[in-house]
J.: 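One structure, pasted below without further comment.
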Amino acid sequence: MKIFTRFTIILFLFILFGNEKSSASHVAGGEITWKCVGGGQYVFKVTIYRNCDGIPVMLSSFPLKHNFPGIPDIDCNLISVADVSPSCSSSTNRLNCGSDLTSMSGLIGSVTRYTFQSSPISLVGVPAPPANGYTIYTQTECCRPSDILNINTSGGFAQTLRAKMYGFIADGNTTPNNLSICFDNAPDFSETPNLVTYQYGKEYSFSNSAVDKDNDDLNYSFDYPLMADITDTAFFIPGYSITNPIPRISANGLNNKTGDLSFTPIIAGKFLFVVKVSSRKCGQIVSEIYRDITLSVINDPNINLLTLNELPVLKPVFKNSTSFDTTIVAGDTLLFKISVADSNVSGISSLQGMNVYVNGLAMGAENKSLTLCPFPPCAILNKDINVNSGLITSRPQLITNQITIVPGDTLGYGFSFQPTVSNPTTDFYFYWPTSCSNLNINNSCGLSNQVIYNFVVTAKDDYCLAPGRDVRTISVTLTAPNSLCFSSINQINKNVLISLSPNPANNVVNWIFQNPTNSKTYLEVYSITGQLLVKEITNDNFLEIKNFESGMYFLKMKNEDNFYSGKFIKE
């Protein structure tokens with residue numbers, strides 16, 4: 001993947017957004033997301049995909065619009081541009097966007113990704129979101145591809161991206177928090193979308209999976225694309241609909257728990273659809289992000305040899321190889337085999353190479369690492385493993401482009417390898433020594449007795465021009481053991497509520513146990529991101545928080561007769 005920074009690419013781009021019109025820029029989709037960085041400040045990110053057979057764009061920044069009261073348009077600056085066209089074995093016959101990413105002669109399916117990001121934006125003083133949420137959106141005049149098959153484009157080809165931020169009512173409150181309180185990070189898509197495939201005539205799958213650093217509950221559904229503005233809804237032509245936007249969607253369709261999508265590409269052309277990801281915290285909807293996708297289904301130049309390229313197949317891993325879902329108890333070690341089968345090991349004219357990679361909130365940054373993930377202990381992946389001890393015994397070549405969503409957040413990794421004619425199935429081992437800390441997600445709902453972790457597994461060959469792939473989501477439901485998981489603090493038999501006040505607070509939080517005792521109290525305080533901030537034994541019944549940043553925090557306390565796990569807000 002070729003990447004250029006803002007400073008090296010800016011001289012080569014044309015206008016994409018704003019009031020200045022462009023001509024046929026061939027926007028292929030995009031998405032908006034955000035994260036809360038503390039103190040009532042938020043960083044917004046916009047990702048745009050461009051078909052490289054269309055006119056490129058020049059823009060160093062553009063205004064992100066919204067309906068936050070009293071806040072001007074949010075200026076998002078270009079931070080990177082990358083060629084995310086599918087990679088394949090040929091150095092000459094392959095999709096690409098040119099050496100400087102400004103090519104207008106790229107083949108259909110070649111794609112450039114533009115990433116824009118705001119500086120931290122203060123929303124202190126912004127009222128709590130209304131019932132229908134705040135809407136954040138781009139406003140653009142031009143242009144989607146003019147040859148989209150499933151949408152009525154009589155009204156034009158403009159594209160509008162959007163996201164929505166909702167309110168959250170914390171325990172003990174009756175009204176939502178205002179945006180001075182960081183109560184949520186929006187989910188973010190974990191992979192670049194698959195924007196091109198061949199007219200295979202057989203089932204093809206790819207993932208629209210998102211990750212949520214708060215580990216909120218995510219639900220996936222189709223939604224309508226928007227054209228010139230947030231009120232301009234695109235309409236599907238007869239034969240297509242919001243739930244059937246592309247030809248021959250499989251019976252499973254879009255998996256509403258994982259974002260996996262399977263269909264049979266039988267018609268060549270471009271198809272527009274939108275995947276919405278709804279995030280719920282403690283049962284309350286807190287955000288929605290939308291991925292706008294223009295999928296190109298292309299004819300294979302080697303159509304007469306197409307039967308030689310069989311798609312990779314990921315075999316089910318649980319329940320006697322019939323399922324990708326399982327339930328385990330925190331403290332158990334999960335060890336299973338991921339088998340990748342590709343009977344077309346010889347490809348069209350040379351041996352095919354394969355990539356397999358896994359991403360998810362509990363994946364480490366590299367194999368052998370059990371700590372470098374948002375919710376450790378982390379899972380690791382390797383080619384060989386000692387089944388009895390769970391120890392890694394060898395390390396194959398790592399894929400160079402590790403999976404990332406925002407700078408510094410590595411969510412997974414994978415391997416490149418070469419199947420053989422004698423052994424077309426290659427096995428990898430997934431190892432995850434879980435613990436109670438994997439339940440300590442600190443998503444403001446208190447200590448959870450059950451958390452679902454999704455791991456997106458992708459197997460991809462290097463067939464040109466569009467590699468074959470199979471994508472499956474392994475879903476692991478992690479439950480608490482019979483005794484309550486409580487970090488390093490031991491379980492006691494009696495769980496009792498206490499008085500915690502004031503809440504919200506500025507300087508000091510006080511507590512009173514219902515069953516007062518003279519014994520010492522074990523105390524732990526965590527940030528909303530899960531960072532342990534305080535761990536101490538105290539005789540006091542208060543905690544000084546004057547040096548804490550504004551936001552939500554999680555408190556755990558235990559003494560001889562009392563236990564408490566809850567949260568407070570620092571104003």
Side-chain angles (χ1 to χ4, degrees), residues 17 31-47 61-77 79 115-139 160-171 173-188 210 212-214 216 230 277-282 284-290 405-409 442-444 503-506 527-531 545-554 567-571:
F17 294 99
E31 63 254 7
I32 301 171
T33 187
W34 69 86
K35 61 181 177 180
C36 187
V37 294
Q41 293 189 315
Y42 299 76
V43 173
F44 295 87
K45 185 180 72 171
V46 182
T47 305
S61 65
F62 71 90
L64 189 61
K65 297 186 176 295
H66 55 79
N67 60 343
F68 298 129
I71 303 295
D73 290 347
I74 297 170
D75 192 30
C76 292
N77 298 309
I79 59 172
T115 303
F116 300 84
Q117 185 169 288
S118 74
S119 58
I121 304 298
S122 176
L123 298 183
V124 172
V126 173
N132 61 348
Y134 288 128
T135 302
I136 307 101
Y137 60 100
T138 65
Q139 193 163 27
T160 296
L161 305 176
R162 81 277 203 186
K164 301 202 73 171
M165 181 186 295
Y166 293 92
F168 176 70
I169 302 175
D171 285 352
N173 294 347
T174 58
T175 58
N177 296 326
N178 63 42
L179 297 188
S180 303
I181 305 298
C182 282
F183 58 82
D184 183 58
N185 296 285
D188 200 352
D212 191 301
K213 296 184 68 174
D214 303 327
D216 295 330
I230 57 173
V277 184
S278 302
S279 173
R280 291 184 177 273
K281 187 187 300 289
C282 313
Q284 304 174 48
I285 187 166
V286 287
S287 61
E288 291 174 346
I289 61 171
Y290 299 74
I405 52 169
V406 290
D409 293 343
N442 288 340
N443 66 352
S444 79
N503 190 13
N506 285 315
S527 71
I528 195 171
T529 62
Q531 180 183 4
I545 61 171
K546 61 183 179 181
N547 293 325
F548 285 28
E549 292 185 353
S550 297
M552 184 177 292
Y553 295 85
F554 301 89
K567 52 187 174 291
F568 65 88
I569 293 173
K570 167 64 163 55
E571 291 184 323

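Everything quoted here is computed from the prediction, not taken from an experiment. Heavy atoms only: backbone and side chains are in, while hydrogens, waters and symmetry mates are out.
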J.: Return yes if some donor-acceptor pair links the side-chain N/O of Ser118 with the main-chain N/O of Phe44 below 3.5 Å, else return no.
T.: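 Present.
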
J.: Ion pair present between Arg280 and Asp216, side-chain N to carboxylate O less than 4.0 angstrom?
T.: no

J.: Looking only at heavy atoms, which two atoms of Gly133 and Asn67 are closest? And how far apart?
T.: O-ND2, 4.1 Å

J.: I need the Cys76 SG to Lys45 NZ distance, nearest 0.5 Å.
T.: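 Atom-to-atom, Cys76:SG and Lys45:NZ are 11.5 Å apart.
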
J.: Which value, rounded to the nearest 0.5 Å, describes the distance between Lys164 atom NZ and Ser278 atom OG?
T.: 10.5 Å

J.: Side chains of Phe62 and Val46: closer than 4.5 Å at any heavy-atom pair?
T.: yes

J.: Look up atom CG in Asp73 and atom CG in Leu64, then write down how far apart they are to the nearest 0.5 Å.
T.: 8.0 Å

J.: What distance separates Thr138 OG1 from Ile136 CD1, expressed to the nearest 0.5 Å?
T.: 11.5 Å

J.: Of all heavy-atom pairs between Ser279 and Asp212, which one has the smallest distance, and what is that distance?
T.: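 Closest approach of Ser279 to Asp212, heavy atoms only: OG-OD2, 3.2 Å.
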
J.: Determine the minimum heavy-atom distance between Val286 and Gly167, stating which atoms define it.
T.: CG1-O, 3.9 Å

J.: Under a 4.5 Å cut-off applied to non-hydrogen side-chain atoms, are Lys65 and Ile230 in contact?
T.: no

J.: Mark yes or no for whether Asn185, through its side chain, and Cys36, through its backbone, hold a donor-acceptor pair below 3.5 Å.
T.: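 Yes.
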
J.: To the nearest 0.5 Å, what is the distance between CG (Asn132) and OH (Tyr166)?
T.: 7.0 Å

J.: Between Ser550 (side chain only) and Ile181 (backbone N and O only), is there a donor and an acceptor less than 3.5 Å apart?
T.: no

J.: Using every non-hydrogen atom in the two residues, find where Pro187 and Val277 come nearest and quote the distance to one decimal.
T.: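 Taking Pro187 first and Val277 second, the nearest heavy atoms are CG-CG1, 4.3 Å.
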
J.: I'd like to check Val126 versus Pro69 (side-chain heavy atoms, cut-off strictly below 4.5 Å). Are they in contact?
T.: yes

J.: Are the side chain of Thr47 and the backbone of Thr115 linked by a donor-acceptor contact shorter than 3.5 Å?
T.: no

J.: Begin from the C-alpha positions of Met165 and Ser287 and carry the test side-chain contact (heavy atoms from CB on, under 4.5 Å) through to its verdict.
T.: CA-CA 5 Å; Met165 181 186 295; Ser287 61; 5.7 Å; no

J.: Between Glu31 (side chain) and Ile289 (backbone), is there a donor-acceptor pair under 3.5 Å?
T.: no

J.: Using modelled atom types only, decide if a donor and an acceptor are shared between the side chain of Tyr42 and the backbone of Leu179 within a distance under 3.5 Å.
T.: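 Confirmed, Tyr42 side chain pairs with Leu179 backbone.
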
J.: Looking at every heavy atom in both Gln41 and Cys182, which two are closest together, and how far apart are they?
T.: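 Shortest heavy-atom contact: O-SG, 4.2 Å.
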
J.: About how many Å separate CD of Gln117 and CG of Asn77, when rounded to the nearest 0.5 Å?
T.: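 It comes to 9.0 Å.
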
J.: Under a 3.5 Å distance rule, please check whether Lys281 uses its side chain to pair with a backbone N or O of Phe183 as donor and acceptor.
T.: yes

J.: Report the relative orientation of the aromatic rings in Tyr134 and Phe68; use parallel for angles under 30°, tilted for 30 to 60°, perpendicular for over 60°.
T.: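 Judged by the thresholds at 30° and 60°, the geometry between Tyr134 and Phe68 is perpendicular.
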
J.: Considering residues at least two apart in sequence or located in another chain, which fulfil the salt bridge (charged side-chain N to carboxylate O under 4.0 Å, His left out) criterion with Lys570?
T.: none

